[in-house]
Amino acid sequence: MAKKSRLPVIYFLGMVLVAVGFCLPMFKAEFFGAHYSNGFRFIDFDKSSFVTIGALLIFLGAVCGVVLSFLGGKSMDLLRLVSMIVSIVGGVILVIGFATNGGVYKAIGKGLLKHAFVGFYVVILGWIAALCGWVTKK
């Protein structure tokens with residue numbers, strides 16, 4: 001008989017989708033000089049703002065979730081949940097940063113779903129898949 005895999009596949013795929021969605025164009029905005037901007041476009045270490053913090057939390061939470069999928073142990077389920085929550089909180093902080101910062105970010109914040117592009121929806125789908133994978137432990 002084959003050995004049963006302990007890799008939480010659904011959770012893993014969800015967190016991979018979050019990381020990939022962050023790299024894909026998330027918003028279509030001609031404000032940035034480019035037509036589409038991925039999540040890395042919002043990271044600016046010169047002026048640390050809510051948008052920068054939120055973008056970093058989304059990506060780092062997803063990467064930690066992917067790495068934790070390969071590790072086994074007693075408290076790994078809790079750590080996987082924490083990494084998923086960090087990523088989701090990063091998304092909430094990013095949206096709050098869009099609403100409170102001025103200029104370009106405020107314009108995206110007012111019409112968030114109007115400016116959303118494929119990466120935004122892949123991140124949302126990844127969070128849902130990771131949550132389902134964590135709940136079912138698969």
Side-chain angles (χ1 to χ4, degrees):
M1 296 213 111
K3 184 178 177 182
K4 185 177 176 183
S5 174
R6 309 229 3 119
L7 178 71
V9 178
I10 298 173
Y11 175 84
F12 171 74
L13 290 176
M15 294 311 268
V16 166
L17 281 175
V18 172
V20 168
F22 189 82
C23 297
L24 291 173
M26 293 181 74
F27 297 100
K28 51 183 174 178
E30 293 154 10
F31 310 112
F32 295 115
H35 293 291
Y36 304 103
S37 57
N38 64 5
F40 293 109
R41 186 91 163 153
F42 301 117
I43 299 174
D44 184 15
F45 291 114
D46 292 336
K47 49 182 177 175
S48 185
S49 65
F50 280 123
V51 175
T52 300
I53 293 168
L56 282 172
L57 287 177
I58 291 171
F59 188 69
L60 293 177
V63 169
C64 287
V66 168
V67 170
L68 289 172
S69 295
F70 291 106
L71 301 176
K74 291 182 180 179
S75 62
M76 281 302 127
D77 283 338
L78 180 64
L79 290 175
R80 290 180 190 127
L81 177 66
V82 168
S83 69
M84 181 177 54
I85 288 174
V86 164
S87 181
I88 293 171
V89 166
V92 170
I93 290 173
L94 187 71
V95 170
I96 291 171
F98 281 159
T100 59
N101 284 346
V104 175
Y105 296 130
K106 199 164 199 170
I108 291 175
K110 285 184 179 179
L112 184 68
L113 292 179
K114 184 174 89 173
H115 295 290
F117 202 60
V118 67
F120 175 80
Y121 296 113
V122 170
V123 167
I124 300 294
L125 180 67
W127 285 335
I128 293 169
L131 183 63
C132 291
W134 185 81
V135 169
T136 61
K137 307 290 187 241
K138 293 185 179 183

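Summarising the geometry of A129 relative to G14, their closest heavy-atom pair is CB-CA, 3.8 Å, with the distance given to 0.1 Å. The two residues F40 and C23 come nearest to each other via the heavy atoms CE1-SG, 3.6 Å.
V51 is listed as a side-chain neighbour of L94, based on a closest heavy-atom distance under 4.5 Å. A heavy-atom distance below 4.5 Å is not found between the side chains of S69 and M15.
To the nearest 0.5 Å, atoms CE (M26) and CZ (R41) are separated by 14.0 Å. Taking CZ from F22 and CG from L56, the interatomic distance works out to 7.0 Å, rounded to the nearest 0.5 Å.
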Could you go through residues 84-93 and list every donor-acceptor pair under 3.5 Å that involves a side-chain atom there, pairing it with any protein atom two or more places apart or in another chain?
unit_1, atom_1, unit_2, atom_2, d
S87, OG, I58, O, 3.2
S87, OG, W127, NE1, 2.9

Contacts under 3.5 angstrom, residues 59-67 side chains, donor-acceptor by atom type, not counting sequence neighbours:
none

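A single hydrophobic cluster is seen to contain both V18 and L13, as judged by linkage of ILVMFWY side chains at heavy-atom distances under 4.5 Å, directly or through other members. Hydrophobic clustering (side-chain heavy atoms under 4.5 Å, transitive across Ile, Leu, Val, Met, Phe, Trp, Tyr) groups V16 together with V123. Tracing side-chain contacts under 4.5 Å through hydrophobic residues (I, L, V, M, F, W, Y), one reaches L125 starting from V20; they form part of the same cluster.
Residues that satisfy the side-chain hydrogen bond (donor to acceptor under 3.5 Å, both in side chains) test with W134, not counting sequence neighbours, are absent from this structure. Under the side-chain contact (heavy atoms from CB on, under 4.5 Å) criterion, L79 pairs with L68, S75, M76, sequence neighbours left out. Scanning for side-chain contact (heavy atoms from CB on, under 4.5 Å) contacts around I128 gives I124, C132, with sequence neighbours left out.
For residues 65-93, every residue pair satisfying the ring pair (Phe, Tyr, Trp, His ring centres under 6.0 Å) rule, not counting sequence neighbours, is listed here: F12-F70. Sorted by first then second residue, the side chain to side chain donor-acceptor pair (under 3.5 Å) pairs that include residues 8-21, not counting sequence neighbours, are Y11-S83. The side chain to side chain donor-acceptor pair (under 3.5 Å) analysis of residues 52-68, with sequence neighbours excluded, yields no pairs.
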